Protein chains: 2
Amino acid sequence: MKKINLYDENDFNDLHMKRLLVHDSPYFKILNFNFKPGQELPIHSHDVEGQLSITVLEGEGEFLGKNASLPARAGDVLVCDISEPHGIRAREKMRVLVTIAPPI
Amino acid sequence: MKKINLYDENDFNDLHMKRLLVHDSPYFKILNFNFKPGQELPIHSHDVEGQLSITVLEGEGEFLGKNASLPARAGDVLVCDISEPHGIRAREKMRVLVTIAPPI
């Protein structure tokens, strides 16, 4: 058993989103991204099998997709294929948790 | 892309923890459990390969293990093997998100 607290281990940065690798194993990769207002994880995709989830822990913003964006707020869980274009843009200070399975 | 909001889709129950299946695919299974104070997911394990994460979205309680328990609070992420005994007990109203990879 391994435990970490995202609030203790990761903070915010004025220049860019702050990334924390929470866990990496053959089964999944878990990452925490913290955004200040206006910061983003640009739309991207990887041509591999698998899916990812994005859970919004705090704050508001948008999930970015290929042709549209969806509002994102605390308690939202987005699931998409890794091969599907996805990204995040923050409107407020925002903490999200991303899980990728299998890990890439 | 599929999005659900845990706060909208799941609530609390006086008699037992409230379970919501968020997503199930060949890659991972995602579940949301909501607990009232004193409710628990009893310690259990499955003799299969894989790992799970438990993220505390709200509230306080304990992660239950074989020989000990660990304090659990918002922002905590616990990772363990599916074969390792694990459980959760709530001290306050508590929302957690569980991801199991590969799904069982």
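Numbers restart at 1 for each chain; the letters A, B, ... are given by sequence-line order, proteins then strands. Quick caveat: nothing in here was measured; it's all calculated off a predicted structure.
- In the hydrophobic clustering of ILVMFWY residues, with side-chain heavy atoms under 4.5 Å counting as a link, B:Leu31 and B:Leu20 come out apart.
- B:Leu70 CG to A:Lys2 NZ: the interatomic distance, rounded to the nearest 0.5 Å, is 13.5 Å.
- Hydrophobic clustering, with ILVMFWY side chains joined whenever heavy atoms are under 4.5 angstrom apart, groups B:Leu41 together with B:Val56.
- Nearest heavy-atom pair, B:Gly65 versus A:Met1, reported as atom, atom and distance to 0.1 Å: CA-CE, 3.9 Å.
- Chain B is approached within less than 4.5 Å, heavy atom to heavy atom, by A:Arg73, A:Ala74, A:Gly75, A:Asp76, A:Val77, A:Leu78, A:Val79, A:Cys80, A:Glu84, A:Pro85, A:His86 from residues 72-87 of chain A, ordered by number.
- Note: A:Lys3 NZ to B:Ser53 OG = 15.0 Å, rounded to the nearest 0.5 Å.
- Inter-residue side-chain proximity for B:Pro26 and A:Glu49 is flagged as unmet; no heavy-atom pair is nearer than 4.5 Å.
- A continuous path of hydrophobic side-chain contacts links B:Ile54 to B:Met17 [ILVMFWY only; heavy atoms under 4.5 Å].
- Grouping Ile, Leu, Val, Met, Phe, Trp and Tyr by side-chain contacts under 4.5 Å, direct or through others, leaves B:Leu15 on its own.
- Under the 4.5 Å side-chain contact rule for hydrophobic residues, B:Leu21 and B:Ile88 share a cluster.
- Applying the ring-ring contact (aromatic ring centres under 6.0 Å, His included) test to B:Phe28 and every residue at least two apart in sequence or in another chain returns B:His23.
- A side chain to side chain contact (heavy atoms under 4.5 Å, CB included) with A:Thr55 is found for exactly one of B:Val22, B:Thr55, B:Leu57, namely B:Leu57.
- Hydrophobic clustering (side-chain heavy atoms under 4.5 Å, transitive across Ile, Leu, Val, Met, Phe, Trp, Tyr) groups B:Leu6 together with A:Ile30.
- Contact annotation for B:Asp8: only side-chain heavy atoms (C-beta onward) come within less than 4.5 Å of a heavy atom of chain A.
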Kindly list each side-chain donor-acceptor pair under 3.5 angstrom involving residues 97-104 of chain A, sequence neighbours excluded, with atom names and distances?
none

